[in-house]
Amino acid sequence: MSTLHFRDIHKHYARRTILAGLELCLRTGSCTLLTGENGTGKTTLLRILGGFEKPEQFAADTGHAQLNWRHYRKLLQSSVLYLHQQPYMFEGSVRDNLSFALDRSLPKAEREQRIHTALQWAGLEKIADTRAKTLSGGEYQRVALARAWLRQPRILLLDEPTANMDREARNRTISLLRQLRDDGMALLVASHDPECFSSLVNEHLNLSAGRLQTVTPASRFVNMTLLQQAS
Amino acid sequence: MSTLHFRDIHKHYARRTILAGLELCLRTGSCTLLTGENGTGKTTLLRILGGFEKPEQFAADTGHAQLNWRHYRKLLQSSVLYLHQQPYMFEGSVRDNLSFALDRSLPKAEREQRIHTALQWAGLEKIADTRAKTLSGGEYQRVALARAWLRQPRILLLDEPTANMDREARNRTISLLRQLRDDGMALLVASHDPECFSSLVNEHLNLSAGRLQTVTPASRFVNMTLLQQAS
Amino acid sequence: MDALIDASLKALHLLFSGDMALWEIVGISFRVSLLALLIATPPAVLLAFVLAYGNFPGRRLIIALFSTLLSVPTVVIGLTLYLILSRQGPLGEWHLLFTQNAMIIGQIALAFPMLVSIGHSALQAADRRAWETARTLGASHLRALLTIIYEVRFGLLAAVLASFGRIISEVGASMMLGGNILHHTRNIPTAIALETSKGEFAQGIALGMVLLVMAATLNVLLHHFQGKGFVGS
Amino acid sequence: MDALIDASLKALHLLFSGDMALWEIVGISFRVSLLALLIATPPAVLLAFVLAYGNFPGRRLIIALFSTLLSVPTVVIGLTLYLILSRQGPLGEWHLLFTQNAMIIGQIALAFPMLVSIGHSALQAADRRAWETARTLGASHLRALLTIIYEVRFGLLAAVLASFGRIISEVGASMMLGGNILHHTRNIPTAIALETSKGEFAQGIALGMVLLVMAATLNVLLHHFQGKGFVGS
Amino acid sequence: DDKPANMTLKMATTTSTENSGLLTDLLPKFEKESGYSIQVIAVGTGKALKMGEDGDVDVVLVHAPAAEKEFVEKGYGDKRYPVMYNDFIVLGPDADPAGVRDTKTAPESFAKIAEKQAIFISRGDDSGTDKKEKQLWETAGIKPAGDWYREAGQGMGKVIQMAGELEGYTLADRGTWLAGVDKSPLKIVHEGDKDLFNPYGVIAVSQTRYPDINHTGAQAFIDWIVSAKGQQAIADFKINGTPLFTPNADKPATAK
Ligand SMILES: Nc1ncnc2c1ncn2[C@@H]1O[C@H](COP(=O)(O)OP(=O)(O)OP(=O)(O)O)[C@@H](O)[C@H]1O
Ligand SMILES: Nc1ncnc2c1ncn2[C@@H]1O[C@H](COP(=O)(O)OP(=O)(O)OP(=O)(O)O)[C@@H](O)[C@H]1O
Ligand SMILES: [Mg+2]
Ligand SMILES: [Mg+2]
């Protein structure tokens with residue numbers, strides 16, 4: 001189990017401090033839930049980890065090397081996927097949007113196979129050839145998640161992935177995320193719906209006043225998971 | 001209690017039928033909850049009622065007059081407020097965005113008083129002078145709702161108003177909506193979170209296959225409300 | 001190269017010597033072009049808006065037409081108006097030819113298609129929710145339009161500045177319609193055309209630099225006033 | 001008015017008589033301008049992108065500078081390049097003056113600032129999430145850039161068409177650098193200038209109409225190819 | 001293969017020679033005989049001379065004797081060869097409000113115009129014609145100024161147009177006038193005095209100054225145009241049956 005350890009993340013906008021020297025671990029095969037009131041900085045944190053927002057201070061420890069912000073961005077941005085709180089669809093069909101996430105070197109048949117699976121999983125078969133920009137709110141979230149699944153990053157940062165989703169889509173999302181986690185992906189999920197993710201998370205952190213507090217520690221969750229697996 | 005009765009709402013995109021001759025009543029002082037799977041057409045319906053999407057067929061009955069689409073738009077668009085599933089913020093501060101919704105003829109002191117109240121209600125005092133476009137997801141929803149409150153329309157159409165909101169903001173939203181309802185506004189709320197609104201709604205409708213089904217009829221809710229008021 | 005340095009020095013000298021003849025020409029240039037822009041912009045933006053938000057048959061053809069009009073040499077626009085304003089033409093009695101008003105008319109005709117074409121492209125990039133939100137919050141059509149204009153002000157500013165550039169620097173129509181008459185209708189571009197036709201290249205470039213400096217001031221001011229213009233989140 | 005009708009008839013006649021001299025001029029016009037546009041567009045769009053997405057000191061000044069350059073008369077650009085390409089100038093040995101290549105250089109210099117200025121305004125209107133989404137989904141910088149370009153293609157098309165309009169119709173630089181030599185560097189605008197200087201207005205307008213028709217064809221094709229260009233939801 | 005390597009020749013000339021159609025008539029004959037191909041850059045006299053000074057053209061054909069003299073003296077060109085002449089004319093509205101038709105000499109007619117404050121359109125562009133006009137005002141002892149005197153700063157064709165539109169007077173060269181006579185409401189109100197003489201000269205750009213210039217070609221052109229054949233071709237060039245230029249290579253006239 002490899003761990004990515006972030007330390008000293010500082011970020012402020014104008015005179016407002018959003019993140020005040022925050023510390024965080026991401027583990028492969030583990031899902032971390034991030035809660036916090038509106039405007040506490042969840043999105044900001046995820047965007048920093050995704051390489052899209054520049055923090056004032058930052059340190060990341062891969063276990064092998066200490067990385068500053070520039071090195072982190074250079075080395076790790078390509079293995080991190082950040083799913084926007086409000087996802088963006090490219091011009092083109094849902095299918096085009098999904099195929100964007102696939103490696104261009106894959107053979108055509110393989111690509112089509114994967115897209116087909118993704119469409120099926122997300123319940124998007126019927127609207128596969130609709131212009132993605134015209135989709136409904138929940139469909140947006142689904143396509144974005146399917147796109148993330150196709151991309152298969154090492155670290156997946158999800159910003160309110162289930163907002164706007166109906167009940168069934170939420171359940172499917174949870175089971176997809178569980179599968180990804182068990183395949184060894186590191187997940188970090190920001191959400192206002194902790195119950196929804198309770199069966200999935202290994203660690204629950206709450207962001208407030210620029211720092212993280214552990215709500216449920218990793219250890220307890222790990223035990224729970226082991227117990228679940230045992231049973 | 002005045003009723004706005006919509007009939008025969010038809011809408012399709014390309015060859016997909018979204019709304020297939022749907023019927024719906026909006027009553028002053030009553031809150032209707034609209035549920036339905038992703039992509040069933042909740043947003044489409046709300047946008048039609050808000051005057052932003054043109055249906056293929058449409059009839060509205062105010063009790064005094066039968067209105068076709070053009071007349072409806074002309075006569076009623078100004079008393080209907082549609083709150084987007086993903087709200088839009090104008091360039092400028094949160095305060096500017098709120099003041100947009102106020103009648104320009106109001107005296108300055110009155111305007112400021114109202115904006116102050118709205119800021120307070122939505123918990124936005126601290127960010128009143130932040131550029132609205134930089135707000136967080138939940139803050140967006142809050143400002144949009146505060147804007148709607150300032151506008152005081154006769155009919156309020158809310159598209160997933162609590163998505164991205166934290167728990168406290170949700171509770172506040174519910175109590176605000178209750179107040180608006182009791183002041184005589186007609187509310188129509190689309191949401192994937194029926195529980196959240198259960199204490200508020202008078203009628204719960206589910207949209208599926210282009211038609212509405214009553215989940216909980218108005219009569220039952222009305223009784224419940226009366227009982228609550230009695231107790 | 002000497003000629004270029006020579007020209008630069010001349011430009012500096014021209015600018016700071018307080019040469020009345022120069023300032024007169026500069027004054028005519030800016031007066032005519034700013035007036036033309038002021039008159040052309042409101043209807044052009046309105047039309048651009050209708051083309052961006054309306055959805056009527058022929059809309060796309062009209063858009064293509066306006067961008068086509070950008071390919072018509074200014075002298076041809078000038079010529080056409082000349083034939084209309086000339087003594088022989090339908091508006092001959094108005095005696096507009098070889099006056100600043102004729103130049104203003106010509107520059108309006110030049111600015112209009114560019115304002116519509118680039119203005120449309122700026123407006124169509126706006127988020128439709130901006131219009132809808134404004135309307136649903138009770139804004140009148142006019143106020144909603146002004147709101148959208150403010151939302152895409154950077155794109156519209158680019159349209160206005162490009163149109164300004166087009167008319168402040170064009171020579172074909174001003175020459176045809178104004179006649180390059182000293183003290184009356186000689187503006188910077190026609191003065192430059194005259195100097196270069198005399199072979200006074202340095203003088204021509206110097207005048208060009210004067211225009212550049214004046215235009216730069218205007219542009220920096222407007223850009224500063226307008227804001228940041230990079231992709232926000 | 002008669003003159004206008006006369007000109008229209010002449011234009012039709014010119015277009016359909018298969019006049020070789022005319023087609024040669026048209027050919028030179030389009031060859032030079034399309035080549036110039038082809039060369040100028042990629043670096044200009046790249047620069048526009050950097051100006052829209054980068055956030056470095058001086059960025060705003062550079063943007064203002066490019067829109068300022070739109071106010072410089074084409075003849076001044078022509079003159080400056082003339083002095084550089086002239087036998088006396090630093091690049092005199094290249095013997096470029098009065099060739100089509102000199103015209104292409106001139107038109108690149110004219111198209112570039114307009115492409116940057118309007119291109120920037122189109123790109124800055126893009127949603128920053130487009131770039132971020134592309135990058136986070138593993139797109140290379142180049143692919144992400146191409147994606148953004150596709151997202152704002154309508155605005156960029158307007159920039160390209162406006163720049164095309166600017167160079168296909170400009171006369172100042174082509175006249176200076178090309179010299180309006182028959183069979184070599186005479187293009188439509190310089191031919192029009194020649195005709196009008198002779199007082200052959202009808203012939204001038206007719207040539208203008210030929211240009212209009214050709215440009216309209218190009219514009220309608222490109223607009224059709226490009227798509228709808230009105231505000232989507 | 002002792003043909004000269006560079007068979008293209010660049011000539012800068014005034015718009016009057018090009019616009020009148022003379023060169024279109026003349027040059028193919030030269031090209032056919034000599035094998036040279038000649039590229040014409042038609043601009044104002046000043047600009048034509050400037051192009052010669054910069055070595056950007058091989059030969060200039062212009063009509064501004066004083067400026068040409070200076071051009072040769074400064075060493076930009078080897079020698080000025082007289083080629084031909086035509087004359088200037090005073091144009092005005094048919095009604096002739098200033099009564100110019102009654103005058104004997106050009107300065108006299110100018111004085112009349114100034115006295116009556118009739119609209120006068122000046123080229124104002126330092127061209128050969130403009131220089132001639134300024135000289136005539138000087139001879140008349142008048143400093144033209146006021147609203148009636150309009151300096152247009154444009155080519156001859158345009159100025160004739162403008163004078164027509166504004167019903168004013170102007171000084172024009174006969175070639176441009178003949179080329180556009182049928183489109184103008186103006187009439188010739190004064191012509192034919194020796195003050196209005198308009199000679200053209202041709203100069204090869206100095207090879208000493210610009211060694212890689214096509215001097216051989218330039219000389220070949222000069223030799224041809226001053227030869228009997230070239231001179232005959234000039235004499236033969238007519239518009240509506242009226243000859244435009246009078247060849248004078250053999251009897252070099254002195255410009256006043
Ligand atoms: N570019 C910016 N400039 C100024 N303030 C900003 C900027 N971006 C974000 N903020 C502010 O920083 C705060 C944190 O924003 P962030 O989006 O990280 O919150 P969040 O925890 O994701 O909230 P939510 O639960 O509502 O999504 C917000 O109050 C927001 O207004
Ligand atoms: N302009 C359009 N062109 C084509 N299809 C469209 C267009 N707009 C919406 N749709 C489709 O219509 C369907 C209904 O969309 P709508 O947004 O009304 O759904 P919804 O019920 O609000 O869903 P959600 O719960 O996800 O918000 C969706 O499948 C969507 O893809
Ligand atoms: Mg957030
Ligand atoms: Mg919806």
Side-chain angles (χ1 to χ4, degrees), chain C residues 1 3-4 52-53 55 59-61 63-65 67-68 70-76 79-80 83 89-90 114 117-118 121-126 128 152 154-155 158 161-162 164-166 168-169 171-172 189 192-193 196 201 204-205 208 211-212 215-216 219-220 223 228-233, chain D residues 1 3-4 52-53 55 59-61 63-64 67-68 70-76 79-80 82-83 88-90 114 117-118 121-122 124-126 128 152 154-155 158 161-162 164-166 168-169 171-172 189 192-193 196 201 204-205 208 211-212 215-216 219-220 223 228-233:
Chain C
M1 223 54 210
L4 271 180
Y53 278 76
N55 197 3
R59 201 179 52 78
R60 279 163 64 172
L61 215 65
I63 298 166
L65 172 78
S67 60
T68 300
L70 297 181
S71 299
V72 180
T74 60
V75 62
V76 173
L79 261 172
T80 310
L83 294 178
M114 185 167 262
S117 176
I118 309 181
S121 113
L123 282 163
Q124 63 84 31
R128 186 174 269 274
V152 299
F154 193 86
L161 286 178
F164 176 74
R166 177 169 210 211
I168 193 84
S169 71
V171 64
I192 293 174
T196 55
F201 293 171
I205 292 187
L211 184 54
L212 186 79
N219 271 275
V220 170
H223 271 285
K228 58 181 189 43
F230 79 110
V231 179
S233 50
Chain D
M1 223 53 210
L4 271 179
Y53 278 76
N55 197 2
R59 200 181 52 80
R60 277 164 64 170
L61 216 64
I63 298 167
S67 60
T68 300
L70 297 181
S71 299
V72 180
T74 61
V75 63
V76 174
L79 262 172
T80 310
Y82 178 97
L83 294 177
Q88 303 284 291
M114 185 168 261
S117 173
I118 308 182
S121 112
Q124 64 83 30
R128 186 173 270 273
V152 299
F154 193 86
L161 287 178
F164 176 74
R166 178 170 210 212
I168 193 83
S169 71
V171 65
I192 292 174
T196 54
F201 293 168
I205 291 188
L211 184 54
L212 186 79
N219 271 277
V220 170
H223 271 285
K228 58 180 188 41
F230 80 108
V231 179
S233 51

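Quick note on labels: first sequence line is chain A, next is B, and so on, each numbered from 1. In what follows, every heavy atom counts, from backbone to side chain, and hydrogens, waters and symmetry copies are set aside.
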Could you measure the distance from the [atom1] atom of [X] to the [atom2] atom of [Y]? Nearest 0.5 Å is fine.
{"X": "D:I205", "Y": "C:T80", "atom1": "CD1", "atom2": "OG1", "result": "4.0 Å"}
{"X": "D:T74", "Y": "C:R166", "atom1": "OG1", "atom2": "CZ", "result": "11.0 Å"}
{"X": "D:S121", "Y": "C:L161", "atom1": "OG", "atom2": "CG", "result": "10.0 Å"}

Closest approach of [X] and [Y], non-hydrogen atoms and distance?
{"X": "D:G204", "Y": "C:V76", "result": "O-CG2, 4.2 Å"}
{"X": "C:G165", "Y": "D:S71", "result": "CA-OG, 3.5 Å"}
{"X": "C:I118", "Y": "D:A162", "result": "CD1-CB, 4.2 Å"}
{"X": "C:T68", "Y": "D:A215", "result": "CG2-C, 3.9 Å"}

Candidate pair C:T196 and D:Y82, rule side chain to side chain contact (heavy atoms under 4.5 Å, CB included), full reasoning: CA-CA 11 Å; C:T196 55; D:Y82 178 97; over 6 Å; no
Residue part contacting chain D, namely of [X], when any heavy atom lies under 4.5 Å:
{"X": "C:A122", "answer": "neither"}
{"X": "C:V72", "answer": "both"}
{"X": "C:L211", "answer": "side chain"}

Tell me, for [X] versus chain C, whether the close heavy atoms (under 4.5 Å) come from the side chain, the backbone, both or neither.
{"X": "D:L212", "answer": "both"}
{"X": "D:V220", "answer": "both"}
{"X": "D:I192", "answer": "side chain"}

C:V75 side chain near D:V171 side chain, heavy-atom distance below 4.5 Å: no
Interface residue of largest heavy-atom contact number with chain D, from C:G208, C:S67, C:G155, under 4.5 Å: C:S67
Contact leader toward chain D among C:I168, C:V152, C:L61, C:L79, where contacts are heavy-atom pairs under 4.5 Å: C:L79
